[in-house]
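Position 1 is the first residue of the sequence; numbering continues from there.
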Amino acid sequence: MNEPYILIDSVYINSGGGEKILNYFIDYVKKKSDENKYFFLLDDRLKLENKKINFLKINASEQSRKFFYLSNKKKFKHIVCMSNVPPPVRIENALISIYFHNDLLLNPIKSHLAIITKFKNILKKNYIKFKNKQNYSWIVQTNLMKCKLEKHLKVDKEKIKVIPIIETQELQKVIKKKNTFVYVSNFSKHKNHFRLFQAFVDVCKEKPYDIELNLTIENELYKKSFYNTSKKPKNLKIINHGIISSSQVTELYNSSEFLIYPSLNESLGMPLVEAILSKCKVIASDLNYVDQVIIPSLKFDPSSTTSIAKSIKYAIENSLDTSKIIIENKIDTFVKHINCYV
């Protein structure tokens, strides 16, 4: 393998926004014919879609990472940790960058999570703080995340770069179904599903609208959830698509009139961007993370079922302004940064 050598440590990335960023980065460097500069350390749960790159898959654990680093750390000029966690061992002869994109790790006690998950995140946060070194550089997607990283992980703000990585190619051909809403998310507590469900039930009980709500919850969780087990009005149609591919998610956006996004915590909220590229009008939480990324068509108080319900009714009954993306894709800047090495 040719020098210079750059390690892209993506252990713990196997789904969601992190997976999309990783795949986008791989496709980008392959188009530039630069893939031979990189070695990818991957989570063994990650599904690679015929990507011809230099890689090794390992078990998602600090023990496995440590074994790899002890055997290979002298090979690399720049080590880029893509999943929030610094190297498990001290590195003397390479630059270190950590791409941090998990808001839930920064202030676990005040996060909207189950108690056990909060406790696990407290341990993870303390581990990250312990493994951080003064010479490490950090990368985040928004200025809001930069402020939080400085406050909660005590990272020097001069060591934090804001470099968002998002795909921004707008789709041209979309066919929208009237009164169709989509919420692309998992079933984590902070995703605020119960209030969302109750708001749709309240609207459909009050008004004779025929409404469709599309979800992407893991099928077994959905079957046991209130979405499936609770009584709901006949004019409310809820469709769960389960865990689907990126292309299937795009098809879902293409057919939906609205993205509704009641999440209480996000580092970025990739669906906010993706939905607008598919010409959805976005109805979202009135929270700072949204304002860092887009201008939505409508906002609501995510802690209030009544507020969510009012926004649903207003969207159906009125013509909303088009939602706009305000965050910029800076993958060029990201690649330039990681190609700088001693």
Side-chain angles (χ1 to χ4, degrees), residues 112-114 174-244 248-266 269-272 274-276 278-287 290 294 296-323:
H112 304 273
L113 296 171
V174 296
I175 301 174
K176 302 294 185 183
K177 293 167 62 179
K178 188 174 176 59
N179 295 352
T180 300
F181 294 76
V182 61
Y183 184 27
V184 174
S185 81
N186 58 35
F187 201 54
S188 297
K189 188 176 180 181
H190 73 283
K191 296 296 186 177
N192 207 15
H193 276 282
F194 183 73
R195 289 194 185 104
L196 181 70
F197 171 69
Q198 193 59 57
F200 274 101
V201 169
D202 290 349
V203 170
C204 288
K205 282 182 177 179
E206 180 184 341
K207 299 284 186 177
Y209 309 128
D210 288 321
I211 297 177
E212 181 176 299
L213 172 61
N214 292 275
L215 304 169
T216 58
I217 300 169
E218 195 274 320
N219 283 318
E220 288 303 313
L221 291 176
Y222 177 80
K223 289 176 184 178
K224 299 174 184 177
S225 75
F226 42 79
Y227 282 116
N228 191 49
T229 59
S230 301
K231 289 184 178 180
K232 48 187 175 289
K234 291 183 179 179
N235 56 329
L236 174 59
K237 182 179 182 180
I238 298 178
I239 304 172
N240 183 55
H241 300 264
I243 307 301
I244 55 180
Q248 289 172 311
V249 170
T250 299
E251 290 176 9
L252 195 51
Y253 289 135
N254 289 347
S255 63
S256 301
E257 189 175 3
F258 306 101
L259 171 76
I260 189 160
Y261 209 78
S263 180
L264 299 167
N265 294 97
E266 295 291 337
M270 195 71 77
L272 296 170
E274 294 171 339
I276 293 176
S278 289
K279 304 185 188 303
C280 292
K281 292 182 178 179
V282 176
I283 307 166
S285 299
D286 189 5
L287 294 174
V290 174
I294 67 165
S297 299
L298 196 61
K299 293 182 182 181
F300 54 76
D301 176 1
S303 66
S304 168
T305 298
T306 301
S307 179
I308 300 171
K310 284 182 177 178
S311 72
I312 295 167
K313 286 189 289 185
Y314 189 89
I316 291 172
E317 295 174 352
N318 296 272
S319 178
L320 300 183
D321 291 337
T322 302
S323 303

Can you tell me how far OG1 of T322 sits from CD1 of I276, rounded to the nearest 0.5 angstrom? 9.5 Å

Atom CD1 in I294, atom CG in L272: separation rounded to 0.5 Å? 4.5 Å

NZ/NE/NH1/NH2 to OD/OE distance under 4.0 Å, E257 and K281: no

Quick one about N179 and D210 (side-chain donor to acceptor, distance below 3.5 Å, no hydrogens or angles considered), yes or no? no

From E212 CD over to F258 CZ, what is the distance, rounded to the nearest 0.5 angstrom? 13.0 Å

What are the two closest heavy atoms between S285 and V290, and how far apart are they? O-CG2, 3.3 Å

If you measure from OG on S303 to CG on L287, what distance do you get to the nearest 0.5 Å? 8.5 Å

Is there a side-chain contact between Y209 and L236, using heavy atoms and a 4.5 Å cut-off? no

Gap between atom CG of L259 and atom OH of Y253 - 0.5 Å precision: 6.0 Å

Between N192 and S263, is there a donor-acceptor pair closer than 3.5 Å when you use the side chain of the first and the backbone of the second? no

I244 and T216, any side-chain heavy atoms less than 4.5 Å apart: yes

Answer yes or no: is there a side-chain heavy-atom contact under 4.5 Å between I316 and I211? yes

Hey, does L215 have a side-chain heavy atom less than 4.5 Å from the side chain of I238? yes

Is there side-chain contact between L252 and H241, with at least one heavy-atom pair below 4.5 Å? yes

Value rounded to 0.5 Å, distance of NZ in K176 from NZ in K279: 8.5 Å

Look at the aromatic rings of F187 and Y227 and report parallel, tilted or perpendicular, splitting at 30° and 60°. tilted

In terms of ring plane angle, is the pair Y183 and H193 parallel, tilted or perpendicular, where the classes change at 30° and 60°? tilted

I'd like to know whether I260 forms a side chain to side chain contact (heavy atoms under 4.5 Å, CB included) with V182, so could you lay out the CA-CA distance, the side-chain angles of the two residues, the decisive distance to 0.1 Å, and finally the verdict. CA-CA 6 Å; I260 189 160; V182 61; over 6 Å; no

Compare all side-chain heavy atoms of S278 with those of T250 and state whether any distance is below 4.5 angstrom. yes

Inspect the contact between K191 and E266 and indicate whether a charged nitrogen and a carboxylate oxygen are less than 4.0 angstrom apart. yes

Any donor-acceptor pair under 3.5 Å from N235 side chain to C204 backbone: yes

Verify whether one side chain among T180 and S256 offers a donor that lies under 3.5 Å from an acceptor in the other. no

Taking the side chain as every heavy atom from C-beta outward, state whether E218 and Y222 have any pair of such atoms under 4.5 Å apart. no

Please answer whether the main-chain N or O of S188 pairs with a side-chain N or O of N186 as donor and acceptor at a distance below 3.5 Å. yes

